[in-house]
Amino acid sequence: MTKNANNIANLTKHFGIILGTERYDECLKFYRDLLGLPVWFEKDGLCCLRFGDGYLMIETGGVARDHRKANYENPTMLRFNVCDVKASAGLLEKHGVSVRIKTYNWGIVGTFTDPDGNACELKDAGDPFFVN
């Protein structure tokens, strides 16, 4: 396939997600230290973490909730395709993160929230839809 200059996806060097947070320090520690996303670069009020082939930029300016945000507050869920959902959930639970495991006919997921109440999910990386 040749690159089409009229196609934004083909002109994009890095795909990223920007996550506005109210509890910036707690969220940064959560994604960087607990989940282990490596730091790409930092500036005042933001930290850019490597997120697979792209990035997750943690910034100030969001709104926190003490519980999972409703879909109208933040309809986005961050997904982590892992080798073993239950083992990954166990690692998070050792650090006080509650993970809800659900089994469907299409696979297993484990949902949890970050310190701002943003939804995150573990998913089996062996799902045939994600295998190259």
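This chain uses plain numbering: 1 for the first residue, then up along the sequence.
Distance check: F41 CZ to C47 SG gives 8.5 Å after rounding to the nearest 0.5 Å. With rounding to the nearest 0.5 angstrom, the CG atom of N118 is 11.0 Å from the CZ atom of F112. To the nearest 0.5 Å, the span separating CG on N74 from CZ on R68 amounts to 9.5 Å. To the nearest 0.5 Å, atom CD of residue E42 and atom SG of residue C48 are 10.0 Å apart. Atom SG of residue C27 and atom CZ of residue R32 lie 12.0 Å apart, to the nearest 0.5 angstrom.
When hydrophobic clusters are built by joining Ile, Leu, Val, Met, Phe, Trp and Tyr residues whose side-chain heavy atoms come closer than 4.5 Å, directly or via intermediates, L34 is grouped together with L28. Hydrophobic clustering keeps I17 apart from F15 (ILVMFWY residues linked when any side-chain heavy atoms are closer than 4.5 Å, directly or through intermediates). Both V97 and I108 belong to a single network of hydrophobic side chains, linked directly or stepwise wherever heavy atoms of I, L, V, M, F, W or Y lie under 4.5 Å apart.
Counting all heavy atoms, side chain and backbone alike, K123 lies closest to W106 at CE-CZ3, 3.6 Å. Across all non-hydrogen atoms, the minimal contact from Y24 to E59 is CD1-C, 3.9 Å. In plain terms, the two heavy atoms of V63 and R65 that are nearest each other are CG1-NH1, 3.1 Å. Closest approach of V82 to L122, counting heavy atoms only: CG1-CD2, 4.1 Å. Summarising the geometry of H95 relative to L91, their closest heavy-atom pair is CD2-O, 3.1 Å, with the distance given to 0.1 Å.
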Verdict with supporting geometry, F30 and D116, side-chain contact (heavy atoms from CB on, under 4.5 Å): CA-CA 10 Å; F30 182 82; D116 260 11; over 6 Å; no
Steps toward side-chain contact (heavy atoms from CB on, under 4.5 Å) verdict (L35, L92): CA-CA 8 Å; L35 298 183; L92 292 173; 3.4 Å; yes
Derivation and outcome, side-chain contact (heavy atoms from CB on, under 4.5 Å), residues L19 and Y31: CA-CA 11 Å; L19 184 63; Y31 289 102; 3.8 Å; yes
Residues I58, L46; criterion side-chain contact (heavy atoms from CB on, under 4.5 Å); working and verdict: CA-CA 5 Å; I58 308 298; L46 72 84; over 6 Å; no
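Distance alone, capped at 3.5 Å, is enough to place a donor-acceptor pair between the N7 side chain and the A9 backbone. A donor-acceptor pair under 3.5 Å is absent between the side-chain atoms of T113 and the main chain of A119, judged by distance alone. Proximity of a side-chain donor or acceptor of R23 to a complementary backbone N or O of P115 within less than 3.5 Å is detected.
Between V99 and T111, the closest side-chain pair of non-hydrogen atoms is not below 4.5 Å. Proximity of Y55 to L37: side-chain heavy atoms (C-beta onward) are nowhere separated by under 4.5 Å. Contact check for K43 versus M57: no side-chain heavy atoms found under the 4.5 Å cut-off.
Taking the six-membered ring where tryptophan is involved, the planes of F80 and F51 are perpendicular, since the angle between them exceeds 60° and thus also 30°.
Remark: K69 does not engage D114 in a salt bridge, criterion side-chain N to carboxylate O under 4.0 Å.
Other residues, nucleotides and ligands place more than 12 heavy atoms under 6.0 Å from the CG atom of D33.
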